[in-house]
J.: 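Here's a structure for you.
Numbered from 1 within each chain, the chains take letters A, B, ... in sequence-line order. Just so you know, these numbers use all the heavy atoms, side chains as well, and skip hydrogens, waters and symmetry mates.
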There are 2 protein chains.
Amino acid sequence: MAVSKKDSEEQEFLRQYNIHDYDIPLTSVDLVIFTIRDNLLQVLLVKRGDHPYKGKWALPGGFIDVQRDTNLDATALRKLREKTGVEAPYLEQLQGFGSKDRDPRGWSSTFVYFALISSETVELRHGAGADEAVWYPLEGQNAQKPVVKLAFDHSAILELALQRLRSKVEYTSLPAYLLPAEFTLSELQQVYEIILGRPLDKSSFRKRIKEGDFLDELPGRQRLGSNRPAQLFAVRAGLASASFNPLSRA
Amino acid sequence: MAVSKKDSEEQEFLRQYNIHDYDIPLTSVDLVIFTIRDNLLQVLLVKRGDHPYKGKWALPGGFIDVQRDTNLDATALRKLREKTGVEAPYLEQLQGFGSKDRDPRGWSSTFVYFALISSETVELRHGAGADEAVWYPLEGQNAQKPVVKLAFDHSAILELALQRLRSKVEYTSLPAYLLPAEFTLSELQQVYEIILGRPLDKSSFRKRIKEGDFLDELPGRQRLGSNRPAQLFAVRAGLASASFNPLSRA
DNA sequence: TCAATAGTGTCTGTCAGACACTATCAC
DNA sequence: GTGATAGTGTCTGACAGACACTATTGA
């Protein structure tokens, strides 16, 4: 098929197009990675090894690698893997932020992701050029604002992520991703209570979860102790990284 | 106060930093602008005047102007004003999109905004360099996918925006922003029905709206006709552009 | 009077939360 | 048996939706 005049005109345009001719903003991807450790909700922070804000605590993140990353999700997953070794978490985009003055290098925008992982599957990467990474606990139940001041506008971003987590927990199965692959309903209820900061009724909690129909009972698998053994459950396969509202009544 | 070694080191870093040294993605802001016209939900589309996708229909949008725009919201508001003349709509960020191949010019990312405006306040900008702009109806009630194929990945983005609109309508006051400043409860109910594609019960609709407590009754203002006159309402001041869930039961 | 739409009242089935109950293990 | 936690059953108040009713205008 011959190349039409229109096509060749477009190709000429693209040939002459050079992104470096324009004033454009910096664009990065940042991550708010939550987990449960020691019965507390915790978030992953890194100490910045480079300017700007060198030595300050920040959310993990970085620039899009236009050679290797095929899309934004890929960038987020790569960053997550680099910091934690985790491959398949719950991951969703939180929101974008961008302004003239959030980064001293100039106009800067970032796509912020929101990840939930089980702390048992994590190996934090240390040493050898890697920025120092720590789990930072978001104080217990009544837990207002995080205490540390973070680099850039990351404190505000963390605040928003927390809000989003709390509001989504009300009607979704998200907290299941904060636990190891196998867990009991009591353990799951405890996670809901940690995030929401208030006790839940056992009976209605179990009713909702069962009706939500996003957990699989693992036949024969039980957690033993000096009490009645507890049935183990797992998140139903195929739901990871997806958007879904199992507890919604809509 | 003397400039510390650390500060001057950072300043030196910033002096040498040049964004044009890096391979970075294109970053733009796009808008999904909804309104109600002729009892149909409609979305604003523009015909592209430049490459790429010249002559194709697309969502309105463009690049961030790093000189004039102080933040992402400002870019979105500016674009909205340029296309429609509207100053104060309901505006929220929908989601970011970015990938290697969504734009033939190279790695491209976009922050997509979601706007609701009253069609009565709009003057579409035509002629003189402006791209042609039209309201495109999203077919009536059962209304599945939009028919036109849009440029870039805009068809998928529009699809997602529609989903988001429909799901938010279930429990928020959003539809009020699709109407003129003053409206009756029956008119508002009609908008909900258009978006959801199903009839609502008058009594429970009115109960919910009144309890939501986001409308102000306009004393003395009534819509007349050859029937009982209807009380006029307005969205409570101070809620515009804000995030809120008046109908939520949480 | 009628036609038309605005606006209210009542009933009922559903369901979430409160709370008490039973079950099953280690010791 | 006891202590501890798992898991279930029952009741009740709140409330959303169905539907019938009343209200108020123009013609």
J.: So, A:T27 versus B:S109: side-chain donor-acceptor pair below 3.5 Å or not?
T.: no

J.: Hey, which of B:D30, B:V32, B:D73 is the one that makes side-chain contact (heavy atoms from CB on, under 4.5 Å) with B:Y113?
T.: B:D73

J.: Is the closest side-chain heavy-atom distance between B:L45 and B:H154 below 4.5 Å?
T.: no

J.: How long is the line joining CZ of B:F205 and P of D:dA18, in whole Å?
T.: 15 Å

J.: Check this for me, if you would: do A:E170 and A:R198 make a salt bridge, where the nitrogen-to-carboxylate-oxygen distance has to be below 4.0 angstrom?
T.: yes

J.: Just to confirm, is there a sub-4.0 Å distance from OP1 or OP2 of C:dT5 to any side-chain nitrogen or oxygen of B:K202?
T.: no

J.: Show each protein N/O and nucleotides 25-27 of chain C N/O combination with a separation under 3.5 Å, one pair to a line.
T.:
from	atom 1	to	atom 2	distance (Å)
C:dC25	O2	A:N227	N	3.1

J.: Report for the helix from C:dT1-D:dA27 to C:dC27-D:dG1: angle between first-end and last-end helix axes, five pairs each, rounded to 10 degrees.
T.: 10°

J.: Is a donor-acceptor pair below 3.5 Å formed from side chain B:S203 to base D:dG17, judging by atom type as modelled?
T.: no

J.: Is the backbone of B:S204 close enough, under 3.5 Å, to the side chain of B:D201 for a donor and an acceptor to pair up by distance?
T.: yes

J.: Do A:K207 and C:dG17 share a donor-acceptor pair, side chain to base, under 3.5 Å?
T.: yes

J.: Could you give the CZ-to-C1' distance, from A:R206 to C:dG17, as a whole number of Å?
T.: 16 Å

J.: Any side-chain to backbone donor/acceptor pair from A:Q189 onto A:L200? Under 3.5 Å, distance only.
T.: yes

J.: Heavy atoms under 4.0 Å, any strand shown: does A:S204 hit a base, just sugar-phosphate, or nothing?
T.: base

